[in-house]
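Worksheet for the structure shown next.
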Amino acid sequence: MNTPHILMCPPDHYGIEYEINPWMSRSCQSDREIAQRQWHDLRTLIEASGAQVSTLDPVPGLPDLVFTANAALIYRRWAVLSHFRHPQRQGEEPYDATWLEQHGFHVQHAPEGVFFEGAGDALFCGDTLFAGYRIRSDARGHQRIGEQLGVRVIPLELVDGYYYHLDTCFCPLAPGRAIYYPAAFDDYGRRVLAELIPELVPVEESEARRFACNAVVIGNVVITNAGCPHLQQQLRSLGFEPRETSLDEFVKSGGSAKCLTLRLDGEEAAAWKLAPDEQRDVVARA
Ligand code: ARG
């Protein structure tokens with residue numbers, strides 16, 4: 001089996017420098033030292049769970065580059081690069097592209113004229129790509145990406161500004177298994193999820209607000225922000241090993257554990273996996 005491989009970006013230039021989602025307020029700054037500590041604790045926990053972490057160099061003036069989930073959507077050796085809705089984040093795109101190209105990915109640009117925010121809005125559960133749209137990514141783009149990659153796409157409209165990326169309200173755990181926050185979707189979205197994912201675990205509002213759904217899954221381990229005790233219980237009863245670590249400094253920007261990571265070899269819940277020789281090639285360049 002391959003070693004799980006995750007891309008992260010140290011928070012050297014992280015801060016709340018603009019406001020592009022309801023969590024962000026320039027008057028509620030993050031603390032540089034605490035953010036560094038929280039990021040390192042998350043990295044340590046990820047490595048202790050058996051994953052290899054590669055890093056993208058931080059860049060001054062790009063405070064949100066830490067949220068590597070938004071760099072691209074990874075599918076086998078392809079990386080579909082993000083094109084951010086907000087100009088404040090568009091400067092990240094060339095850095096993401098360079099890293100991915102240098103590490104052996106075939107970088108594809110998001111379809112012309114659409115916004116697309118990578119693994120923040122596009123998550124595999126089994127063979128299907130679930131794709132959040134309206135607040136950041138465009139539905140049109142998701143369909144085209146699905147055609148290009150040859151995978152089925154299920155678009156899900158996001159209806160609550162606090163859950164502006166799909167990974168803030170939905171997390172596949174395994175094929176056929178996911179956690180979600182129902183109120184972030186419309187009736188149609190909830191119905192489709194229930195139809196396609198037999199084991200769908202709802203997260204309660206107070207824990208959704210703590211980014212319970214923004215989880216990093218490595219094998220049986222599920223890592224979230226601290227303060228999600230009910231989810232922890234639910235996960236334990238399903239046979240998972242939940243782990244918590246405080247990420248409050250990143251919640252100030254509207255992000256948490258999952259947002260700070262990009263899985264490069266296929267999420268646990270994705271039906272596809274890189275062959276060991278493909279994986280070796282990516283790791284060798286990292
Ligand atoms: N401040 C960032 C933004 O609003 C946070 C991104 C969080 N990333 C995620 N994958 N949900 O774009």
Side-chain angles (χ1 to χ4, degrees), residues 6-11 13-30 35 38-39 42 46 56 58-59 61-74 79-93 95-96 110 115-124 129-138 142 156 158-172 178-181 184-185 203 208-217 223-225 247-264 267:
I6 287 176
L7 178 65
M8 296 179 73
C9 171
H13 304 291
Y14 170 69
I16 316 297
E17 291 176 19
Y18 43 76
E19 298 169 4
I20 57 171
N21 68 53
W23 302 89
M24 299 175 90
S25 162
R26 269 168 295 182
S27 58
C28 181
Q29 251 326 312
S30 63
Q38 292 184 343
W39 185 90
L42 175 65
I46 287 173
L56 170 68
V59 177
L62 296 176
D64 278 343
L65 196 62
V66 290
F67 298 112
T68 50
N70 296 124
L73 163 67
I74 304 295
V80 183
L81 199 66
S82 290
H83 178 44
F84 289 92
R85 181 170 297 270
H86 296 285
Q88 292 95 325
R89 293 199 67 183
Q90 288 170 358
E92 298 175 29
E93 294 164 17
Y95 294 96
D96 295 329
F115 296 115
F116 174 64
E117 300 205 355
D121 265 335
L123 297 164
F124 280 97
L129 186 63
F130 291 86
Y133 71 91
R134 197 171 73 86
I135 302 178
R136 293 296 182 85
S137 301
D138 293 321
H142 289 322
L156 296 166
L158 302 176
V159 301
D160 180 334
Y162 279 94
Y163 304 95
Y164 58 94
H165 277 142
L166 183 63
D167 71 357
T168 63
C169 51
F170 174 68
C171 177
I179 53 179
Y180 80 129
Y181 176 51
F185 300 93
V203 162
R209 286 261 164 182
R210 300 283 305 149
F211 280 82
C213 296
N214 199 245
V216 179
V217 186
I223 305 171
T224 63
N225 182 29
L247 291 164
D248 285 309
E249 294 307 315
F250 299 96
V251 170
K252 291 176 181 169
S253 187
S256 184
K258 173 61 191 258
C259 304
L260 293 166
T261 66
L262 180 67
R263 182 78 181 252
L264 296 169
E267 297 280 358

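Owing to the predicted nature of the structure, the values given are computational and were not obtained by experimental measurement. Whatever order the structure lists them in is the order used to number ligands and atoms, beginning at 1.
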Review point. Considering only heavy atoms, which protein residues lie less than 4.0 Å from any atom of ligand 1?
Key: I20, N21, M24, D64, F67, A69, N70, R89, G120, R136, Y164, H165, D167, T168, S253, G254, C259
Point to revise | Polar side-chain atom of R85 near backbone of I135 as donor-acceptor pair, under 3.5 Å | key: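 Side chain of R85 to backbone of I135: a pair is present.
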Check your understanding: Who pairs with E93 by side-chain contact (heavy atoms from CB on, under 4.5 Å), at least two apart in sequence or on another chain?
Key ->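 In terms of side-chain contact (heavy atoms from CB on, under 4.5 Å), with neighbours along the sequence ignored, E93 is linked to H83, F84, Q90.
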Check your understanding: Between F185 and F170, how do the two ring planes meet: parallel, tilted or perpendicular, split at 30° and 60°?
Key -> perpendicular
Review point. Taking the inter-plane angle between the rings of W23 and Y162 on a 0 to 90° scale, is it parallel (under 30°), tilted (30 to 60°) or perpendicular (over 60°)?
Key: perpendicular
Practice item. For R209, enumerate each residue passing the side-chain hydrogen bond (donor to acceptor under 3.5 Å, both in side chains) test, keeping only those at least two apart in sequence or located in another chain. Key: none
Review point. Any salt bridge (charged side-chain N to carboxylate O under 4.0 Å, His left out) pairs touching residues 16-25, not counting sequence neighbours?
Key: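 Salt bridge (charged side-chain N to carboxylate O under 4.0 Å, His left out) check on residues 16-25 returns E19-R26.
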